[in-house]
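These notes concern the structure reproduced below.
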Amino acid sequence: MNTTEDFKQFAALDEEQLPVAKHKLHDWTHFAGLYAAEHVAATEFVIGATFVALGAKTMDIILGLLIGNILAVLSWRFITSPIAVDTRLSLYTYLNKIAGDSMTQLYNWANVVIFSVISAAMITVSATAVRFAFDIPAQLNWYPTNAWFILIVLAVGIVVVSIALYGFNAVSEFSGICAPWLFVMFTSGAMVLLPALSLDVLDKTLPAGWADFMTLGDQSIWTGINSDGEPGIGLVEVIGFGWAANTITHFGLIDMALLRFAKKKNYGYATSTGMMFGHYVAWIAAGIMGAGAAVILGKSIVELDPGDVAYYALGWSGFVIVIVAGWTTAITNLYRAGLAAQAIFNKHSRKKTTIVVGFITVAIACFPFVFSQILPLLTYAGLLVVPVGAIVFAEHQIFPRIGYTRYWSSYRKLTFSMPAVAAWGLGLIFGFGLNALDVISFYYLFIPTWFFTIAVYTLFASRYGAKETYTEEAAAEELRNETIERFQEQQAKEEPVISKDVSLFSKGLKFIAISALVATLILACNVLFGSASEASYIENRELFYTYGFLCTLIYFVLAYWALKRGKSNTTT
């Protein structure tokens, strides 16, 4: 190989098309913050109400969500993380080596649509909170009916697109600031509204113990009766819901785009911040907040939107949490959509494709029907991409173990992989066919679909060339990877060195910011444990609304200030 010419070739490529360089890998704390912020989202308010509407029981929620979210974490660790760390590529780029241009183009288009719509839904949720704050009429039609609502969507959308433009580091940094605050606010919201429920059911401000809490849950939140007045879902369904909620990212391997930056495969466990605190705690807290807000307003929990619930749980901080929680999820999904679009239009940079996709996403966000259909979208999107994740898993993990050749399609220079396209198509028919026959719970359809697609792809690939040996091609691939690594090492030497900010002033900023979070929790505890009567409860709740919002402002100002000081501490 001509090293100089190769270096010029790699320099001409967008960095998203190359494996992540060693000097750009991140520690586990980045992923802990990223997943924590992404999975404490505005949709948690909706999902919390969904379990109520589906008629889950209290113990099924507590135990079922614990098991389901642990299974989700293990899926990231043992399915997604190993492939991401081995290849250092996003799924969009890696799939092209396995399935060729034709299937990759089709799949990437599907992902652009899926993640753009998810991002648009989150922008709409954030705009809904702002709408509530400024007394703009609720948008109940599928189309917008108020010009001010459209302007709010545009303003919220601009923030989302701006952050997503700057790539993984910006997404991670924004999430890192938001995650601790989101944890505190969801926990505080549950503590603030639990006395309202207790007064309504137990005629006292605080449950006396576990038995009282279970009575409270069974009678006012997770009653076991669905919205149609019939027996609701059970433990098995709750476990499946918790596990299947993110199949698109773990079994479907979409999160290779994030975990390719991980130094170690074990960083897949960092997803537990999103699953155990984000989904587990936030879903339970959202159920408590929703039920409490419903008691205060005299409405059913399923009639409330996120703005209603957040306001009565957190006051003005509630508007902030809906906006920020919407942003964190919207930004991450827009980043994914931009990656998918860049894989399609690979002659353009990820920033350019993200801008275009971002404009389209903001336009979609102006139509409120998108958010109302977000749960069905997530469920079917997961089933749509799971077969593709199975194909990649088979090629990367199974083929080397059974003597087949990884990347055989690429070595044969195929632009159309019949085994991959056929396996995907048959996997979809199999999965949606099982759903139509109703022979297995919808939440578990991804499991047989995944195994079925692996078997089909392995069988088809064996007949199209996967069994053959490609010695010369494999050697050329290895040499290319070594050249890329040398190229990236050279680039690393030319990049500025960022030294850690250890100044006393920055430490002080961080200390005060953390103290603001602690103060918020103390205020919430005062509402829960310091309210001896209904009158004192209302007084303490108002105190939390006022000073909790002040703590929110202090936290974000100082946390951002500390971040900026750390980033400016750079030498070349």
Side-chain angles (χ1 to χ4, degrees), residues 35-36 39-41 43-79 182-183 186-187 189-191 193-194 197-198 201-202 206-227 230-247 249-251 268-292 294 301-302 375 378-379 382 440-448 528:
Y35 278 96
H39 293 284
V40 183
T43 47
E44 316 317 340
F45 289 105
V46 179
I47 294 174
T50 298
F51 285 119
V52 177
L54 291 174
K57 295 180 180 178
T58 305
M59 184 53 70
D60 290 343
I61 287 292
I62 294 172
L63 184 60
L65 289 182
L66 178 64
I67 297 171
N69 283 301
I70 288 175
L71 290 172
V73 171
L74 294 176
S75 298
W76 265 298
R77 168 56 185 88
F78 292 102
I79 295 177
L182 287 169
F183 285 160
F186 263 91
T187 305
M191 289 194 286
L193 287 188
L194 188 61
L197 280 175
S198 187
V201 176
L202 304 173
L206 184 66
W210 181 253
D212 267 3
F213 179 78
M214 291 298 294
T215 299
L216 186 63
D218 289 338
Q219 292 187 19
S220 65
I221 312 174
W222 306 287
T223 62
I225 304 298
N226 65 25
S227 55
E230 299 176 355
I233 60 175
L235 177 64
V236 173
E237 286 78 13
V238 175
I239 292 172
F241 192 107
W243 192 8
N246 289 100
T247 48
T249 52
H250 47 69
F251 268 76
Y269 288 124
T271 58
S272 59
T273 59
M275 294 301 99
M276 304 315 298
F277 291 98
H279 283 188
Y280 185 59
V281 174
W283 285 350
I284 293 175
I288 295 172
M289 285 190 280
I301 188 173
V302 295
L375 292 181
L378 288 174
T379 306
I440 185 174
S441 172
F442 182 81
Y443 303 119
Y444 292 95
L445 285 175
F446 70 96
I447 299 175
L528 180 61

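The NZ atom of K57 lies 11.5 Å from the CD1 atom of I233; values are rounded to the nearest 0.5 Å. Rounded to the nearest 0.5 angstrom, Y35 OH and T249 OG1 are separated by 6.5 Å. To the nearest 0.5 Å, the span separating CD1 on I447 from OG on S441 amounts to 10.0 Å. A distance of 9.5 Å separates CD in Q219 from OG1 in T58, rounded to the nearest 0.5 Å. With rounding to the nearest 0.5 angstrom, the CD atom of E237 is 9.0 Å from the CG atom of D60. Note that CZ of F241 and CZ of F51 are 4.5 Å apart. Values are rounded to the nearest 0.5 Å.
For L202 against P207, the heavy-atom pair with the smallest separation is CD1-CA, 4.1 Å. The minimum heavy-atom distance linking N226 with P231 is given by the pair ND2-O, 3.8 Å. Nearest heavy atoms, F186 versus A285: O-CB, 3.5 Å. Across all their heavy atoms, I221 and A291 have their closest contact at CG1-CB, 3.8 Å. The two residues W283 and A245 make their nearest non-hydrogen contact at CH2-CB, 4.0 Å. Contact record, L216 with S220: O-OG, 2.6 Å, taken as the closest heavy-atom pair.
The number of heavy-atom neighbours closer than 6.0 Å to OH of Y443, taken from other residues, nucleotides and ligands shown, is above 12.
Remark: W243 engages S75 in a side chain to side chain donor-acceptor pair (under 3.5 Å) (not counting sequence neighbours). For F442, the ring-ring contact (aromatic ring centres under 6.0 Å, His included) partners two or more places apart in sequence, or in a different chain, are Y380. Applying the salt bridge (charged side-chain N to carboxylate O under 4.0 Å, His left out) test to D212 and every residue at least two apart in sequence or in another chain returns K204.
Side chain of T187 to main chain of F183: a donor-acceptor pair is present (N/O by atom type, distance under 3.5 Å, no hydrogens or angles). Y444 contributes a side-chain N or O that, together with a main-chain N or O of G240, makes up a donor-acceptor pair within less than 3.5 Å.
No side-chain heavy atom of L54 sits less than 4.5 Å from a side-chain heavy atom of W222.
Counting only residues at least two apart or on different chains, no salt bridge (Lys or Arg N to Asp or Glu O under 4.0 Å) pair has a member in residues 214-223. The list of side chain to side chain donor-acceptor pair (under 3.5 Å) pairs with a residue in residues 269-280, not counting sequence neighbours, reads H39-H279.
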Just distance, no hydrogens or angles: give the donor-acceptor pairs under 3.5 Å from side chains in residues 62-74, sequence neighbours left out.
unit_1	atom_1	unit_2	atom_2	d
N69	ND2	L65	O	2.8

